Amino acid sequence: PLPSHPPPIVVAFPKVPPSTDAAPSRRRGLPIDDQISLLKGATLGICQIRFNTVFNEETNAWECGQHCFTIKDGALGERCGAMAGTAASPSRLTVPVLPAAGFQQIYLEPLLKFHISLKKLRLHEAEYVLLVAILLFSPDHASVTQRDFIDQVQEKAALTLKSYIDHQHPMPEGR
């Protein structure tokens, strides 16, 4: 189940892009049509990145507060249900609540593999945020008018991510 509105972090990026060497008038923000186009074009990818932050690789489930979802929810329409027990030892109940979502297993398995692989990277919150920024500021989105500016913002986010990774996850000696 996707929220009816984008997560607050998504909305914040187009309103206040990172500072650039561009003229101050261009730093105030992008035209509203470009903001809309960027949000529409990146929503699914951003949701996948954000959902990975609540993915539990041990159970292959997305734990969202008191609710837990698995890929079966997408195909069978059953929800893992409310979590009971303690935070250290939650138990799950299968509660059929949702109608069948209708996704074929062939589409759900790569989604699960994506989340397992991404979670294995043990990303820090800053890395997730920078990935979201890179996805959001893609000059390839349809109908954007400020492609060069958007490309510059994406480039800065990518370089910032690389620098962060280089400092937080240095390569072992000899590699």
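What you are looking at is a predicted structure, and each value in this text was computed from that prediction instead of being measured.
- Atoms CD and CG, from Glu155 and Asp148 in turn, are 12.5 Å apart once rounded to the nearest 0.5 Å.
- The distance from atom CG of Asn60 to atom CD1 of Ile71, rounded to the nearest 0.5 Å, is 7.5 Å.
- Using a 4.0 Å cut-off between charged side-chain N and carboxylate O, Lys119 and Glu58 make no salt bridge.
- Of the possible donor and acceptor atoms, none in the side chain of Glu57 sits under 3.5 Å from a partner among the backbone N and O of Ile116.
- In this structure, the side chain of Ser117 engages the main chain of Lys113 through a donor-acceptor pair within 3.5 Å.
- Gln154 places a side-chain N or O within donor-acceptor distance of the main-chain N or O of Phe137, the cut-off being under 3.5 Å.
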Next on the checklist: Evaluate Leu112 against Thr70 for side chain to side chain contact (heavy atoms under 4.5 Å, CB included), listing each step before the verdict.
Outcome noted: CA-CA 9 Å; Leu112 181 61; Thr70 68; over 6 Å; no
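- No chain of hydrophobic side-chain contacts below 4.5 Å, direct or via other Ile, Leu, Val, Met, Phe, Trp or Tyr residues, connects Ile36 to Leu136.
- With sequence neighbours left out, His115 forms a ring pair (Phe, Tyr, Trp, His ring centres under 6.0 Å) with Phe55, Trp62.
- To the nearest 0.5 Å, the span separating NZ on Lys156 from CD1 on Ile134 amounts to 14.0 Å.
- Here the closest heavy-atom approach between residue Gln35 and residue Leu30 is recorded as NE2-O, 2.8 Å.
- Remark: side-chain polar atoms of His169 are not paired, donor with acceptor, to backbone N or O of Ile165 under 3.5 angstrom.
- Atom CZ of Phe114 has more than 12 heavy atoms from other residues, nucleotides or ligands within 6.0 Å.
- In this structure, the ring pair (Phe, Tyr, Trp, His ring centres under 6.0 Å) partners of Tyr164, at least two apart in sequence or on a different chain, are His124.
- Residues Leu111 and Gln48 meet the side-chain proximity criterion, which asks for heavy atoms closer than 4.5 Å.
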Item to check | Trace of the side chain to side chain contact (heavy atoms under 4.5 Å, CB included) decision for Leu123 with Leu131 | outcome: CA-CA 10 Å; Leu123 299 177; Leu131 283 173; 3.7 Å; yes
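- Note on Arg147 versus Asp151: no salt bridge recorded, every NZ/NE/NH1/NH2 to OD/OE distance being 4.0 Å or above.
- Taking the salt bridge (Lys or Arg N to Asp or Glu O under 4.0 Å) definition, one finds that Asp140 meets it with nothing, sequence neighbours left out.
- Here the side chain of Ser37 pairs no donor or acceptor atom with the backbone of Asp33 at under 3.5 angstrom.
- With 3.5 Å as the limit, one finds no donor-acceptor pair spanning the side chains of Gln146 and Asp34.
- The CG atom of Leu44 lies 10.0 Å from the CG atom of Leu135; values are rounded to the nearest 0.5 Å.
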